Amino acid sequence: MSWFSEAISSTLGRKLLMALTGLFLIVFLLVHLIGNFQLLANDGGESFNIYAKFMTTNPVIKTTSYLLYGAFVIHIIWAVLLTFQNKKSRPIGYAQTAGSSNSTWSSRNMGILGTFVFIFLVIHLRGFWYEMHWGGIPTATYDGVEVKDLYTVVQQAYEQWWYMAIYVASMILLMFHLAHGFQSAFQTLGLNHPKYNPVIKSIGLGYAILIPGAFAAIPIIMFLQSL
Amino acid sequence: MRIKLKVWRQKNNADKGGFKTYDLNDISSDMSFLEMFDVLNEDLVRQGEDPVHFDHDCREGICGMCSLYINGKPHGPKQTTTCQLHMRSFKDGDTITVEPWRAAAFPVLKDLVVDRGAFDRIIQSGGYISINTGGVPDANEIPIPKKDADKAMDAATCIGCGACVAACKNASAMLFVSAKISQFALLPQGQAERKVRAENMVAQMDSEGFGACTNTGACSAECPKEISLTNIARMNRDYFSAKVGSDNV
Amino acid sequence: MKLDSKIPEGPLAEKWSKHKFGVKLVNPANKRKYDIIVVGTGLAGASAAASFGELGYNVKAFCFQDSPRRAHSIAAQGGINAAKNYQNDGDSVFRLFYDTIKGGDYRSREANVYRLAEVSVNIIDQCVAQGVPFAREYGGLLANRSFGGAQVSRTFYAKGQTGQQLLLGAYSALSRQVANGKVKMYSREDMLDVVKKDGKAVGIITRNLTTGKIQSHSAHAVVLATGGYGNVFFLSTNAMGSNVTAAWRAHKKGALMANPCFTQIHPTCIPVSGDHQSKLTLMSESLRNDGRVWVPKEISDAEKIRKGELKPTNLPEEKRDYYLEARYPSFGNLVPRDVASRNAKYVCDEGRGVAKTGLAVYLDFADAIKRDGRDVIESKYGNLFDMYQQITGENPYETPMMIFPAVHYTMGGLWVDYNLMTNIPGLYAIGEANFSDHGANRLGASALMQGLADGYFVIPYTIGDYLAQNSYDKVSTDDEVFIEAKKEVEDRIDKLLSINGEKTVDDFHKALGLIMWNNCGMSRNEADLKKAKIEIQELRAEFWENVKVIGTNDELNQSLEKANRVADFLELGELMIDDALDRSESCGGHFREESQTEEGEAKRKDDEFSYVSAWEYSGPDKPETLHKEELVFENVKLTQRSYK
Ligand SMILES: Cc1cc2nc3c(=O)[nH]c(=O)nc-3n(C[C@H](O)[C@H](O)[C@H](O)COP(=O)(O)OP(=O)(O)OC[C@H]3O[C@@H](n4cnc5c(N)ncnc54)[C@H](O)[C@@H]3O)c2cc1C
Ligand code: HEM
Ligand code: HEM
Ligand code: SF4
Ligand code: F3S
Ligand code: FES
């Protein structure tokens, strides 16, 4: 398998992993968002909790979620590798740079943006996912089935304004990460064609604004509801 | 025009180097940027000081030798080569900062002169079609669609200046390497070695210490020959399919 | 000394085939026992070095730039000729041969030129196989254009960057041999001397431009492909580093210099804008297909234009002098380069030149734009117009372009025989560095052809003939001859560094350029040439007393590099003057005012000057000895050129 390790450790291979995991995460975000919308169902959390239970117990979903963890881990580790290798490629920097004249801000700051997204993830996972799996959270019973009442955990979290604020701020950073990341992943995969580029660019931009926007809407709405 | 020049001076590769400032009072806006340096250097020599060393040869924008990083941009404010930049692009009283290309793979030799031998070594690793002189078919034997020939030409216009590396925040050489890979990938003559070429050239590029591309696009935006980012995409495609499909284990 | 051009016997069309059969061959297994040095990696050098490597020889290749890909061949724009007759318009090897001989004003060898035309067809095949992206038609076949007033379309091109694409092709072949270990490439390395032993060339001395290290390299044969010496004029379209050093040092070691005064001055260059000017930029000749050349009829109008009081666009038609169209009704603006250049000089000498300096004429596209529309003109010349605007700051769509002639190419160079070997056994010269194929004037798109013909298809055969007659033993670099040559080079560098005078190297170079341009440029006469000879001698003497070269030898030292080159130009300049003085006829690019027709056109004197002037160095500050190689024309009839 030396060709394989050679391939993924090359500069192009690293990028490939970033792009594949990035795209996977993009798909995940969409699914995750749809699920999360059930928080707004106004049924006291019933559908959300059932959904959460399904998501943590269904074997198919469980396997995918391992894939997801893997994707995150690879994406993050390779992001760190990539960023440091790239830094090493220019040990002495310029005294003056005019970066904004030739590239977008987000494209030049993917590492920093990603780091913030990572911090968000830690907070986020600690708050919900950890609680769901290992935390002692209250339960609720629907139609005789007992499920963990994740809804309440979420609801309580978003009642605190600062918790809500962290989420909103993080989503804005994610927006920038995706604004570059979405189309960048296609370029990395070699999918660059004058006919389709404008489509990829607009879908990417739309995705980058709408999805994190919608994510941000959930804590905002729940916070407002709690007032 | 009056110009304040802030120039990187470094005696040799081992020297630490630093900026030095020079005031130039009698600059004509018709001068080329390098002619402005000629004026400075003539003055320096007359005063017994070492002139500022920089690379240049054709002064026509085609040899790719000139390589100054001017006010935060490779080749200065215009999308052209340093030698084709003229002083009318600046204003009276401007301060102009001039630095060498910065990249681990381009060590500074002196002042603004860097060693771009890495580019040669990348070409040596596969930037050719392996045929010997003589014994080739008639030039018109293989028709090549004009569209493909034109695209190959667009990729082939790269002058090997290294501005892409200088512009890229990752000091990545992807644009340069992909331009050569693309030229041959677009032509029927290049197909025989298409895969192994992509594999070898990328491997050499990596071993030279260039960074990875994060698709910022600065390279293409600054490239004096407007080499397109589609070349990088094509290289990625070729490389991945080569890695998956080639016989190299 | 007897000059033996070694032209093979037999009918013109069979000479080369017969010769190839007649030359001695080196057994494939023995090729690796021979080392060849190639100095220069332009079209000629790169193609030769690559071909040698492919054959199995061990090659060392040198260039002074940081990469072989940057040799000056890269700058050629227009195209490359080949007698492919793809356009079915009556081209043939013989026609290309004939055009080249005639274009060179009958001052080149028939046999060499015929061979050039013959192998031209192989060049295109070779380059296409290498992946050179020549322009193509929609059907996928190669496109051609007519170039430089040729009557057939035989020029192959790659946008306006033909030289670049051809060089990159040769460079890729060279790189492949470097990777194979057959060629060792030395970049940023200046050749400073040829080393001879028992009359044969056995190596060279070089200076590593980064470290200053003086090094000896030994080989069985040395090939110089070091390009032209147009920079003797300071201002030329050549690259800043183009120089005569390699050829000149060979000359001083006994190699003859042939026709040094034959210089080509190109009519369409961007005019000088001021004293700071460091080089001149060529605008493709193709511009003359649509542009009309003119100056004001009246000196007073020209003066107003120069002062900026009058705009050229406001000068009415009847006050303009379309002098080329008026003097040469049948060729008009498309007269050959030398004729167009000379006439521009005349109108400027009369005081009718434009631009602030008075040294420019108009090349006006207003009529073409009116006739074909701006779009058509833009599609044909868009990038040239952009380049012009970038350099001058003026928009040629709105105000007429200004042009002036500039030194462009040197037909003269090291004398070589049919095998491209100089009179020093084992020392070869190819490409622009030799004198061989262009006579007194080079046709457009023929230099690229010659460089590649020499490198790919001629020297790989002919060098074997010499090597096969030599033993495998190589002279050691510890041999006395190397030690001596190295010492000479070091002494000279020490001398340059120790003068520490008042004037910079460029001061001298500019002064020399001016002398050459004014007296040995587009039009030459005995009195001026004699005066110039003395001026150059004085300037050279002053150089060695008063030049200021900064720094030491042991570093990257561009001021020293330049000094080394200018010192040689100062000697070459005088020889060019001698040559121009000797040749009191006009031919091609060499116009002697004493030899013109009543209408002021160049007049050749075939009975007196049908020879190649080959000059032999006779020692410092001694007059050189002239040897004449008579030119024999068996296949073409000599005619006077006429473009009326
Ligand atoms: C602006 C311009 C446009 C032109 N356009 C055309 C055209 O359209 N068609 C055409 O046919 N011709 C054209 N020509 C002419 C043609 O380009 C040249 O004549 C030809 O390319 C010369 O090639 P060469 O290989 O002999 O030398 P060059 O390409 O000049 O190469 C010289 C080599 O020698 C090396 N060298 C020189 N001195 C030393 C030294 N002392 N030590 C070590 N190395 C040394 C250099 O590094 C370089 O590698 C043009 C020329 C110019 C200037
Ligand atoms: C939901 C979370 C995330 C998503 C959807 C996501 C998505 C993406 C995408 C699509 C790319 C582009 C890949 C390419 O150009 O080929 C990318 C690149 C990158 N990501 Fe993320 N990412 C996420 C989280 C993170 C995190 C947590 C980090 C950092 C720790 C990070 C750091 C980076 C970096 C450094 C790049 C490289 C820039 C580039 O290649 O263009 N990302 N990401
Ligand atoms: C603001 C809106 C969001 C809400 C309300 C939310 C809610 C939740 C909840 C409740 C869980 C626990 C579910 C479980 O363990 O089954 C969870 C898991 C998770 N969330 Fe979010 N999330 C939000 C945004 C995000 C974002 C933007 C990301 C990525 C960048 C993200 C990444 C994850 C991951 C990786 C998990 C673990 C998934 C798994 O175990 O399969 N979430 N989220
Ligand atoms: S791709 Fe552009 S910037 Fe990079 S080396 Fe080539 S010409 Fe220069
Ligand atoms: S600037 Fe650098 S990041 Fe990629 S697109 Fe160009 S190589
Ligand atoms: S000096 Fe040749 S490109 Fe600038």
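Quick caveat: nothing in here was measured; it's all calculated off a predicted structure. The figures here come from the full heavy-atom set of this structure, side chains too, leaving out hydrogens, waters and symmetry mates.
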Colleague: Measure B/Cys168 against the heavy atoms of chain A and call it side chain, backbone, both or neither at under 4.5 Å.
Modeller: backbone
Colleague: As an exercise: rank B/Ala167, B/Ala221, B/Ala104, B/Pro100 by heavy-atom pairs under 4.5 Å with chain A and give me the winner.
Modeller: B/Ala104
Colleague: Which atoms form the tightest heavy-atom contact between A/Ser101 and B/Glu222, and what is the distance?
Modeller: OG-OE2, 4.2 Å
Colleague: To the nearest 0.5 Å, what is the distance between CG on A/Asn102 and NZ on B/Lys169?
Modeller: 12.0 Å
Colleague: Are there more than 12 heavy atoms of other residues, nucleotides or ligands under 6.0 Å from atom CZ of B/Phe54?
Modeller: yes
Colleague: Does anything in residues 71-90 of chain B reach chain A? List residues with heavy atoms under 4.5 Å apart, or say none.
Modeller: B/Asn71, B/Gly72, B/Lys73
Colleague: Measure distances from A/Arg14 to the heavy atoms of chain B and classify the residue's part below 4.5 Å as side chain, backbone, both or neither.
Modeller: neither
Colleague: Heavy atoms only: give me the nearest B/Tyr239-A/Ala7 pair and the separation to one decimal.
Modeller: OH-CA, 3.7 Å
Colleague: Would you mind checking which part of B/Phe106 comes under 4.5 Å of any heavy atom in chain A, side chain (CB onward), backbone (N, CA, C, O), both or neither?
Modeller: neither
Colleague: Supply the atom-to-atom distance B/Phe210 CZ to A/Gln85 CD, rounded to the nearest 0.5 angstrom.
Modeller: 12.0 Å
Colleague: Would you mind telling me which of B/Ala212, B/Ala103, B/Ala171, B/Cys219 has the largest number of heavy-atom pairs within less than 4.5 Å of chain A?
Modeller: B/Ala212
Colleague: For A/Lys87, which atoms come within 4.5 Å of any heavy atom of chain B: side chain, backbone, both, or neither?
Modeller: neither
Colleague: Supply the atom-to-atom distance A/Thr11 OG1 to B/Met174 CE, rounded to the nearest 0.5 angstrom.
Modeller: 3.5 Å
Colleague: Are B/Asn215 and A/Lys15 side-chain neighbours, meaning at least one heavy-atom pair lies under 4.5 Å?
Modeller: yes
Colleague: Nearest 0.5 Å, what's the CG-CG distance between B/Asn170 and A/Leu82?
Modeller: 7.0 Å
Colleague: Around atom CZ of A/Phe84, are there more than 12 heavy atoms of other residues, nucleotides or ligands at under 6.0 Å?
Modeller: no
Colleague: For A/Tyr94 and B/Glu99, which heavy atoms make the closest approach, and how far apart are they?
Modeller: CA-OE1, 3.2 Å
Colleague: For B/Ala203, is it the side chain, the backbone, both, or neither that has a heavy atom closer than 4.5 Å to a heavy atom of chain A?
Modeller: neither
Colleague: Given a strict heavy-atom distance threshold of 4.5 Å, which part of B/Phe240 is in contact with chain A: side chain, backbone, both, or neither?
Modeller: side chain
Colleague: Using side-chain heavy atoms (C-beta onward) and a distance below 4.5 Å, is B/Thr214 in contact with A/Met110?
Modeller: no
Colleague: Check the surroundings of atom CH2 in A/Trp161: do more than 12 heavy atoms from other residues, nucleotides or ligands lie under 6.0 Å from it?
Modeller: no
Colleague: Would you mind telling me which of B/Ala166, B/Ala105, B/Ser172 has the largest number of heavy-atom pairs within less than 4.5 Å of chain A?
Modeller: B/Ala166
Colleague: A quick test of your reading: do over 12 heavy atoms of other residues, nucleotides or ligands sit less than 6.0 Å from OH of A/Tyr69?
Modeller: yes
Colleague: Between B/Met205 and chain A, with a heavy-atom cut-off of 4.5 Å, which part of the residue counts as in contact: side chain, backbone, both or neither?
Modeller: side chain
Colleague: Just how far is it from atom CD of B/Glu199 to atom CD of A/Glu6, taken to the nearest 0.5 Å?
Modeller: 7.5 Å
Colleague: Can you tell me how far the CG atom of A/Leu16 sits from the CG atom of B/Asn236, to the nearest 0.5 Å?
Modeller: 8.5 Å
Colleague: Is a donor on one side and an acceptor on the other found under 3.5 Å between the side chain of A/Arg90 and the backbone of B/Arg102?
Modeller: yes
Colleague: Between B/Val202, B/Thr230, B/Asp238, B/Ile232, which shows the greatest number of heavy-atom pairs under 4.5 Å with chain A?
Modeller: B/Thr230
Colleague: If you compare all heavy atoms of A/Gln187 against all heavy atoms of B/Leu229, which two are closest, and at what distance to 0.1 Å?
Modeller: NE2-O, 3.0 Å
